[in-house]
Amino acid sequence: SLEERTGQASVVVWDLDGNPGRQHLQVETGGSTVSYRRNSPDFCSVVGKAPIKSGVHFFEFVMHRIGDELWVGLTDDAQIAGFKTNLRVHRSAYTYYCGRRRGGSNNLRDGQSSLQGGGKAEQKFEHVMNG
């Protein structure tokens with residue numbers, strides 16, 4: 001789930017109405033938890049309702065269940081929403097990539113957990129588990 005922590009009640013920021021892949025997503029009551037439906041395309045990027053324009057922000061991503069792979073991060077391109085553009089290799093996206101769960105690869109770009117920016121693997125990170 002994505003929640004902006006402001007010291008007040010959490011603010012739901014997902015833009016599902018504008019997402020061309022919304023049929024592949026399920027939103028729980030309250031709107032802060034987004035799940036990916038089974039038998040959907042390999043990925044579907046979700047973006048926020050409003051851009052971050054200035055200031056310092058803290059985002060917490062909780063991975064309740066991870067299938068084979070998962071990416072979470074930020075981009076300045078709202079057109080990335082949906083299932084046609086891969087967030088992890090996008091030129092203006094910065095993501096945490098959890099690494100592959102199956103089919104093991106030792107490649108930093110497409111196998112190990114890493115920080116990825118501008119379409120490149122930048123640094124190896126710890127492997128995040130479910131929960």
Exercise. From Thr85 OG1 over to Phe43 CZ, what is the distance, rounded to the nearest 0.5 angstrom?
Worked result: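 The CZ atom of Phe43 is 6.5 Å from OG1 of Thr85, to the nearest 0.5 Å.
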Problem set entry | Counterpart residues, side-chain contact (heavy atoms from CB on, under 4.5 Å), relative to Lys124 (two or more places apart) |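 By the side-chain contact (heavy atoms from CB on, under 4.5 Å) rule, Lys124 matches Leu108, Gln112.
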Problem set entry | Counterpart residues, side-chain contact (heavy atoms from CB on, under 4.5 Å), relative to Tyr36 (two or more places apart) |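 Scan of Tyr36 (side-chain contact (heavy atoms from CB on, under 4.5 Å), adjacent residues dropped) gives His24, Leu25, Ser40, Pro41, Cys44.
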Exercise. Do any pairs count as a side chain to side chain donor-acceptor pair (under 3.5 Å) and have a residue in residues 114-123, sequence neighbours left out, and if so which ones?
Worked result: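 Listed once each, the pairs are Ser114-Gln116.
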For this session: State which residues pass salt bridge (charged side-chain N to carboxylate O under 4.0 Å, His left out) with Arg91; sequence neighbours excluded, sorted by chain then number.
Result: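 Testing Arg91 for salt bridge (charged side-chain N to carboxylate O under 4.0 Å, His left out), a comparison that skips the adjacent residues, returns Asp77.
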Exercise. Does Thr75 offer a backbone N or O that forms a donor-acceptor pair with the side chain of Ser92 under 3.5 Å?
Worked result: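 No, Ser92 side chain to Thr75 backbone: no donor-acceptor pair under 3.5 Å.
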Exercise. Got more than 12 heavy atoms from elsewhere within 6.0 Å of CD, Gln23?
Worked result: yes
For this session: Determine whether more than 12 heavy atoms belonging to other residues, nucleotides or ligands lie under 6.0 Å from atom CZ of Arg37.
Result: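 Count over threshold, so yes.
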Problem set entry | Joint cluster assignment, Val27 & Val46, ILVMFWY side-chain distance < 4.5 Å | yes
For this session: Using side-chain hydrogen bond (donor to acceptor under 3.5 Å, both in side chains) as the criterion, list what pairs up with Thr95, not counting sequence neighbours.
Result: none
Problem set entry | Residues forming a side-chain hydrogen bond (donor to acceptor under 3.5 Å, both in side chains) with Ser45, sequence neighbours excluded |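 Once residues adjacent in sequence are excluded, Ser45 has no partner under the side-chain hydrogen bond (donor to acceptor under 3.5 Å, both in side chains) criterion.
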For this session: Please work out which of the three classes, parallel, tilted or perpendicular, describes the rings of Tyr96 and Phe125, given edges at 30° and 60°.
Result: tilted
Exercise. Is there a side-chain contact between Val47 and Asn19 (heavy atoms, below 4.5 Å)?
Worked result: no
